[in-house]
Amino acid sequence: MCCNTFKFAPYFKENTTMRYDFNQIEKKWQDYWAKNETFKASNTSEKPKYYVLDMFPYPSGAGLHVGHPLGYIASDIYARYKRHKGFNVLHPQGYDSFGLPAEQYAIQTGQHPAVTTEANIKTYRRQLDQIGFSFDWSREVRTSDPNYYKWTQWIFIQLFESWYNNNSNKAEHIDTLVEVFKSEGNATVNAACDDDVETFTAEEWNNYSSEQQQEILLKYRLTYLAETEVNWCPALGTVLANDEIVNGVSERGGHPVVRKKMTQWSMRISAYAERLLQGLDTIDWTDALKDIQKNWIGKSVGASVTFNVNGHDEKIDVFTTRPDTIYGVSFMTLAPEHELVSKITTEAQKADVEAYIEKTAKRSERDRMADVKTISGVFTGAYAEHPFSKEPIPIWIGDYVLASYGTGAVMAVPCGDQRDYDFAKHFDIPIPNIFDGVDLSEEAYGSKDNVKIANSDFLNGMNYKKATKRAIYELEQIGQGEGKTNYRLRDAVFSRQRYWGEPFPVYYVNGMPQMIDKAHLPIVLPEVEKYLPTEEGEPPLGRADVWAWDTESNAVVSNDKINNTKIHPLELNTMPGWAGSSWYFFRYMEDAMRDETFASEASLKYWENVDLYIGGSEHGTGHLLYSRFWVKLLKDRGFVDVEEPFKKLINQGMILGTSAIVYRINEAPDFIVSGDVCNNYNNSEKRAETLKLIQSHTGQSLNSIQLDPVHIDVKLVNASDEIDVLAFRSWMKEFGYGHIKFISTKSERDSDTIKVNREVEKMSKRWYNVVNPDDICEQYGADSLRLYEMFLGPLEQYKPWNTAGITGVHSFLKKLWKLYVGQDSLNVNDTEPTKDNLKTLHKTIKKVQEDIENFSFNTSVSTFMIAVNELTAQKCTSKAILEPLLVLISPYAPHIAEELWEKIDNEPSISTAPFPTFDASHLVESSKNYPISFNGKMRFTMELPMDMGKDDIEAAVMAHEKTIAQLDGRTPKKVIVVPGKIVNIVG
RNA sequence: GCUCAAGUGGCGGAAUUGGUAGACGCGCUGGAUUCAAAAUCCAGUUUCUUCGGAAGUGUGGGUUCGAUUCCCACCUUGAGUACCA
């Protein structure tokens with residue numbers, strides 16, 4: 001009761017508009033921005049354009065934690081900065097809303113993924129809004145929206161209707177290929193296509209049936225249906241692309257993956273391997289990410305060599321990067337799956353070979369990868385003929401040769417390749433030495449440098465470079481080889497056996513895929529009663545009752561109408577997650593004509609491509625490669641004008657959690673010891689004493705104990721790493737451990753100061769270290785959250801979050817407020833700024849501008865702190881200083897900046913106020929505090945005039961008493977004077 | 001194995017053409033204010049020290065008048081990739 005009376009005490013009746021009430025201020029400005037569409041970008045503007053993009057989020061059910069907005073805050077600061085700098089900024093946001101988690105949830109609960117996705121998006125939007133981002137929401141995209149995926153389907157059709165012409169080095173419409181086939185056949189065509197296309201003449205082509213022609217065209221199309229070996233994940237019931245597999249298990253869920261032959265849609269990304277590689281030189285990405293993509297594309301230059309097989313018509317093609325070592329070949333190895341194995345194996349070896357193939361087939365890809373050390377293989381009994389020496393070369397099979405790379409066969413050069421060397425040693429195969437003066441008794445000589453070829457006929461005495469050229473030339477002369485470039489990059493599987501993804505605009509006539517005309521898009525995802533595969537093992541769309549295409553009415557109709565004349569079955573697979581994200585950056589450019597086009601010509605021309613893209617590096621071999629591929633296709637086909645989607649890319653690092661840990665005594669599970677007790681126990685000097693302390697609590701006498709770490713909720717721990725015991729007890733009660741007792745170093749009994757140990761781990765519910773931005777915004781405000789996320793450290797770096805530190809930036813904001821707003825009136829007036837005021841302002845302008853342009857946001861926050869500390873000490877009230885200061889801070893802490901901007905009599909909004917101009921004249925100094933160092937070690941400083949000459953400086957320094965003391969009678973050997981910088985005395 | 005990035009106080013980190021190492025903040029210590037707490041403000045806080053100084057940026061070398069910064073070797077951590085012929 002008595003507490004209530006306080007409420008009416010006059011003490012509490014303060015002027016609320018003078019307080020830094022961040023909750024009220026932030027709400028006010030977020031509403032203002034939304035109502036006035038402050039950040040709506042225009043497609044027509046006098047200003048130069050700038051496009052800042054975030055990787056759009058997948059709206060998961062868990063909502064955002066404090067780590068997610070890091071990149072968004074950085075890009076928002078940059079977008080706001082660019083507006084101050086006079087740019088027309090496009091800064092959109094949307095949702096990558098198709099995906100596995102929503103589907104898994106649907107399988108468990110029966111809820112339609114569209115429903116849960118919608119709910120998740122609502123949460124995301126609320127959470128994003130409260131952080132005060134300057135997004136133009138009028139251009140929002142959602143990949144699961146039919147009006148959006150209509151155009152994803154449209155792009156798929158474009159890929160289907162394209163082939164890659166290696167002569168023009170670009171994709172062309174499939175009709176141009178058909179024209180060539182009609183008039184010349186395919187002998188002259190230089191295309192990226194399947195390996196197994198056979199040569200035909202124009203006459204043959206014209207006589208083929210329509211089905212035969214379609215079958216051939218499929219081998220050329222940039223998206224094609226083919227039976228290929230795919231990565232099948234039984235647990236997820238779907239195939240996965242190479243980049244979705246990490247260490248042999250699925251990226252999502254960590255389920256095992258097996259190889260399986262299946263008919264699937266693929267994307268002929270390999271056609272673009274060279275352009276994807278070359279394009280990296282034209283974009284401003286980090287070298288680290290470029291390296292990731294370079295490695296993934298995996299270009300290697302060498303030669304293909306054809307070996308004749310003795311006694312057979314068959315030939316073996318191999319790829320080698322070392323044609324110069326052709327005379328070092330002493331055997332050949334085929335992959336066990338190689339198609340020639342069964343044909344060339346001799347009767348005598350048949351049993352051994354078959355046993356070996358059976359054995360290796362049983363081993364999973366993962367076992368094979370894990371077991372690199374074991375050497376295994378078997379002789380086929382057959383011999384190939386050396387192209388030059390005509391010597392017989394034994395042909396082996398071995399599982400160190402992969403069927404999926406190159407031709408699935410290698411010419412083994414044991415003197416130059418360690419694997420060939422090991423294989424030869426193991427099976428006692430000769431190791432001919434073709435390197436001049438190299439010792440091969442221990443290992444192969446893998447280096448290309450500092451060695452001359454020997455025992456190699458026409459290659460003798462040559463170095464690597466010369467010999468390679470000559471060998472290729474000679475191979476070409478005899479028609480048994482040519483120069484060749486190989487890429488590791490594989491075509492990407494594009495089908496998924498899932499429900500929650502884009503349906504293909506495809507139906508089947510006699511098993512051949514047909515595209516639905518773009519006029520009838522979108523083909524909308526059908527309803528199903530369950531989201532699981534069918535009993536027959538078909539994808540979930542196999543459960544749809546209305547999933548057939550009527551070619552007369554051009555509509556999706558009921559399955560029972562299928563007659564395979566006019567009404568045909570539709571494709572049951574859906575597109576993978578990366579389909580929708582491979583072109584969304586173009587969709588944001590369009591603000592008016594979204595129904596007519598994926599993005600209009602005018603919009604595409606105005607915005608071109610993304611100037612700054614911020615997101616995680618985990619997309620290095622997925623999204624960032626596929627997007628580049630699709631953009632190149634769209635460019636080749638004349639739909640867009642740019643070759644690369646993202647001019648500049650920055651990868652933000654992950655924010656990690658700071659877990660709080662105490663320890664349970666294994667032998668006395670009712671007791672929990674604090675972090676410091678555990679540390680003492682692990683310290684040999686304090687161990688005995690600590691054991692005594694523990695025994696005095698538990699009453700048990702133990703010689704040694706085991707301490708098991710227990711993660712506790714980080715919310716229960718204060719800035720000094722101490723647990724709030726009361727809160728902790730009630731938290732433990734939820735788990736049924738309300739009776740637990742504590743042991744700490746501080747007290748003999750149950751203590752109120754239990755310390756935790758800290759550990760940096762990934763933010764996860766499992767470790768109770770997740771921090772929700774909602775809580776931070778409520779307690780400290782969005783501006784504090786934004787500043788603190790930036791203040792934590794460099795954007796690209798991984799760094800731990802610890803809520804304790806946020807008080808630093810929060811009290812900075814309070815100080816900033818107090819600089820402008822006094823107890824009951826404003827502090828800002830028209831006083832002339834002092835020299836010091838101007839100096840502080842201009843060095844801040846300079847630093848902040850440099851920092852933003854270098855994406856060094858952490859250092860600008862400390863620059864602001866210094867500026868506010870200095871101006872407070874200077875008692876600055878001058879509007880000429882305080883007004884431009886707000887513009888500097890506004891990108892980082894926009895709400896407080898808007899509020900103070902309005903308070904000092906400006907029209908809202910601050911968002912397009914010009915960025916202050918730096919004037920170097922305010923930083924000119926008349927004197928310099930010279931560091932005086934001896935042998936490079938700074939010993940004292942000395943104030944000297946800035947314009948003092950070298951000799952005068954030396955004289956002044958040498959006369960200083962501390963110099964004399966330092967030298968202690970010695971004469972210096974040398975005195976280095978760098979005017980304006982430093983003095984160094986040697987001796 | 002190969003490729004790339006990074007190692008600085010108790011903690012996050014700063015030092016951008018080599019020129020005063022530890023900015024800024026957290027935490028900690030002491031003080032002011034307060035009945036008390038919160039909040040706020042002030043001072044101190046790399047280590048050692050005989051209080052004069054001395055050492056110090058993962059380790060060991062090198063270049064230089066001078067190295068956190070450049071070069072070489074090694075160690076540790078993280079990321080990518082993996083029998084790629």
Side-chain angles (χ1 to χ4, degrees), chain A residues 246-248 286-296 298-300 302 318-322 325 333 335 368-369 371-375 398-402 404-413 416-420 422-423 486-488 617-618 620-621 651 653 658 718-721 758 760 787-788 791-794 796-809 811-812 814-815 818 850-851 854 856 858-866 869 929-941 965-966 972-978 980-987:
Chain A
V246 179
N247 294 330
T286 60
D287 288 338
L289 198 70
K290 285 185 183 180
D291 280 337
I292 289 175
Q293 291 210 343
K294 275 182 201 161
N295 290 339
W296 187 260
K299 179 178 183 173
S300 50
V318 301
F319 173 75
T320 176
T321 53
R322 296 293 303 273
T325 63
T333 315
R368 251 169 95 163
M369 267 163 56
D371 182 25
V372 176
K373 294 267 153 55
T374 317
I375 295 161
D399 68 358
Y400 80 98
V401 176
L402 302 178
S404 57
Y405 183 77
T407 60
V410 300
M411 58 176 230
V413 183
D417 183 288
Q418 192 59 42
R419 290 157 309 173
D420 297 343
D422 295 340
F423 195 88
N486 233 1
Y487 299 91
R488 204 185 72 98
S617 59
E618 67 272 20
T621 53
N651 295 122
T658 312
N718 72 9
S720 309
D721 291 346
R758 293 289 198 169
V760 174
L787 281 175
Y788 189 51
F791 189 60
L792 280 179
E796 296 93 334
Q797 200 168 296
Y798 277 53
K799 48 206 176 271
W801 174 275
N802 189 351
T803 306
I806 203 172
T807 53
V809 294
S811 62
F812 156 74
K814 286 196 273 192
K815 277 188 221 164
K818 274 208 264 179
E850 284 168 3
D851 283 348
N854 293 321
S856 174
N858 54 327
T859 48
S860 357
V861 179
S862 59
T863 304
F864 293 139
M865 290 173 172
I866 293 166
N869 286 345
N929 196 21
Y930 278 93
I932 313 300
S933 48
F934 292 80
N935 299 320
K937 282 256 164 230
M938 203 285 284
R939 293 306 177 208
F940 63 94
T941 61
Q966 272 291 334
K973 287 194 195 112
K974 210 171 176 184
V975 179
I976 312 276
V977 179
V978 186
K981 282 240 158 105
I982 200 166
V983 177
N984 190 20
I985 298 162
V986 189

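Protein chains get the first letters and strands the later ones, always in sequence-line order, with residue 1 at the start of each. This is a predicted model, so every value here is computed, not measured.
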message: If you only use heavy atoms from C-beta on, which nucleotide in B/U81, B/G12, B/C65 is closest to the side chain of A/K799?
response: B/G12
task: Ignoring backbone atoms, establish whether A/R488 has a side-chain N or O less than 4.0 Å from OP1 or OP2 of B/A82.
output: yes
field: A/N935 CG to B/G66 P, straight-line distance once rounded to whole Å
entry: 8 Å
- request: Grab the CZ-C1' distance between A/F940 and B/A54 for me, whole Å please.
  value: 17 Å
query: Can you give the dot-bracket line for RNA chain B, using ( ) for pairs inside the strand, [ ] for pairs that cross earlier ones, | for pairs with another strand and . for unpaired bases, where Watson-Crick and G-U count if both distances are under 3.5 Å?
result: (((((((..(((......[....)))((((((.......))))))(((....)))..(((((..]....))))))))))))....
message: On RNA chain B, compare the nucleotides closest to A/D291 and A/T407; which residue's is nearer the 5' end?
response: A/D291
- prompt: Given atom CG of A/N295 and atom P of B/A5, what is their separation to the nearest angstrom?
  reply: 12 Å
message: Using the C1' atom as the point on both nucleotides, what is the distance between B/U8 and B/A55, in whole Å?
response: 15 Å
query: B/G25 and B/U77: how far apart are their P atoms, nearest whole angstrom?
result: 34 Å
message: Heavy atoms from C-beta onward define the side chain here; which of B/U81, B/G80, B/U3 lies closest to that of A/I292?
response: B/G80
query: Can you check whether A/N935 reaches A/V986 side chain to side chain, under 4.5 Å on heavy atoms?
result: yes
- line: Taken to the nearest whole Å, NZ/A/K973 to P/B/U64 is 14 Å
Quick test: give all pairs of protein nitrogen or oxygen and nucleotides 16-21 of chain B nitrogen or oxygen below 3.5 Å, distance rounded to 0.1 Å.
| unit_1 | atom_1 | unit_2 | atom_2 | d |
| --- | --- | --- | --- | --- |
| B/U16 | N3 | A/N854 | ND2 | 3.2 |

- prompt: Which pair of non-hydrogen atoms, one from A/D420 and one from A/A412, has the smallest distance, and what is that distance?
  reply: OD2-CA, 3.3 Å
query: Going by heavy atoms in the side chains, are A/V410 and A/Y405 under 4.5 Å from each other?
result: no
query: For atom P, what is the distance between B/A21 and B/G56, given to the nearest Å?
result: 12 Å
- prompt: Going by heavy atoms in the side chains, are A/M938 and A/I982 under 4.5 Å from each other?
  reply: no
query: Nearest heavy-atom pair of A/G980 and A/Y930: which atoms, and what distance?
result: N-OH, 2.6 Å
query: When you check the glycosidic angle of B/G13, does it come out syn, meaning within 90° of 0, or anti?
result: anti
message: Expressed as a whole number of angstroms, how long is the span from A/R419:CZ to B/A85:P?
response: 7 Å
message: From the set B/U81, B/C26, B/C83, return the single nucleotide nearest to any side-chain atom of A/T621.
response: B/U81
Restricting to nitrogen or oxygen on both sides, can you table the protein-nucleotides 37-45 of chain B pairs closer than 3.5 Å?
none

message: Tell me every residue that passes ring pair (Phe, Tyr, Trp, His ring centres under 6.0 Å) with A/F812, counting only those two or more places apart in sequence or in another chain.
response: none
- prompt: Of the non-hydrogen atoms in A/A335 and A/L402, which two are nearest, and what is the gap between them?
  reply: CB-C, 4.0 Å
- request: Check every strand shown and say whether A/N858 touches a base, only sugar-phosphate, or nothing at a heavy-atom separation below 4.0 Å.
  value: sugar-phosphate
task: With sequence neighbours left out, write down each residue that passes ring pair (Phe, Tyr, Trp, His ring centres under 6.0 Å) with A/F940, or none if nothing qualifies.
output: A/H960
- prompt: Taking only side-chain nitrogens and oxygens of A/Y798, does any of them come within less than 4.0 Å of OP1 or OP2 of B/G78?
  reply: no
- prompt: Would you say B/C28 has OP1 or OP2 under 4.0 Å from some side-chain N or O of A/S720?
  reply: yes
query: With syn defined as a glycosidic torsion within 90 degrees of 0 and anti otherwise, which applies to B/G56?
result: anti
Rounded C1' spacing from B/G44 to B/U50 in Å: 24 Å
query: Do A/K799 side-chain atoms and A/P794 backbone N/O form a donor-acceptor pair below 3.5 Å?
result: yes
query: What pairs with A/Y788 under ring pair (Phe, Tyr, Trp, His ring centres under 6.0 Å), at least two apart in sequence or on another chain?
result: A/W801
task: Please name the pair of heavy atoms, one in A/R322 and one in A/M411, separated by the smallest distance, quoted to 0.1 Å.
output: O-CE, 3.9 Å
field: Length of the CG-P vector between A/L402 and B/A82, whole Å
entry: 11 Å
field: Spacing between A/L792 atom CG and B/C24 atom P, to the nearest angstrom
entry: 18 Å
message: Expressed as a whole number of angstroms, how long is the span from A/D417:CG to B/C2:P?
response: 15 Å
- prompt: Within the pair A/R758 and B/G12, is there a side-chain N or O less than 4.0 Å away from OP1 or OP2?
  reply: no
statement: By nearest-nucleotide position on RNA chain B, the 5'-leaning member of A/G406 and A/P794 is A/P794
task: Taking all heavy atoms of A/I985 and all of A/P972, pick out the closest pair and write down the distance.
output: CG2-CB, 3.6 Å
query: Contact class for A/Q797 vs. all strands (heavy atom < 4.0 Å): base, sugar-phosphate, or nothing?
result: sugar-phosphate
Donor on one side chain, acceptor on other, A/S933 and A/N984, under 3.5 Å: yes
task: Determine the interatomic distance between P on B/A23 and the same-named atom on B/U49; round to the nearest Å.
output: 23 Å
message: Is there a side-chain contact between A/R758 and A/N802 in this structure, where contact means two heavy atoms from C-beta onward sitting under 4.5 Å apart?
response: yes
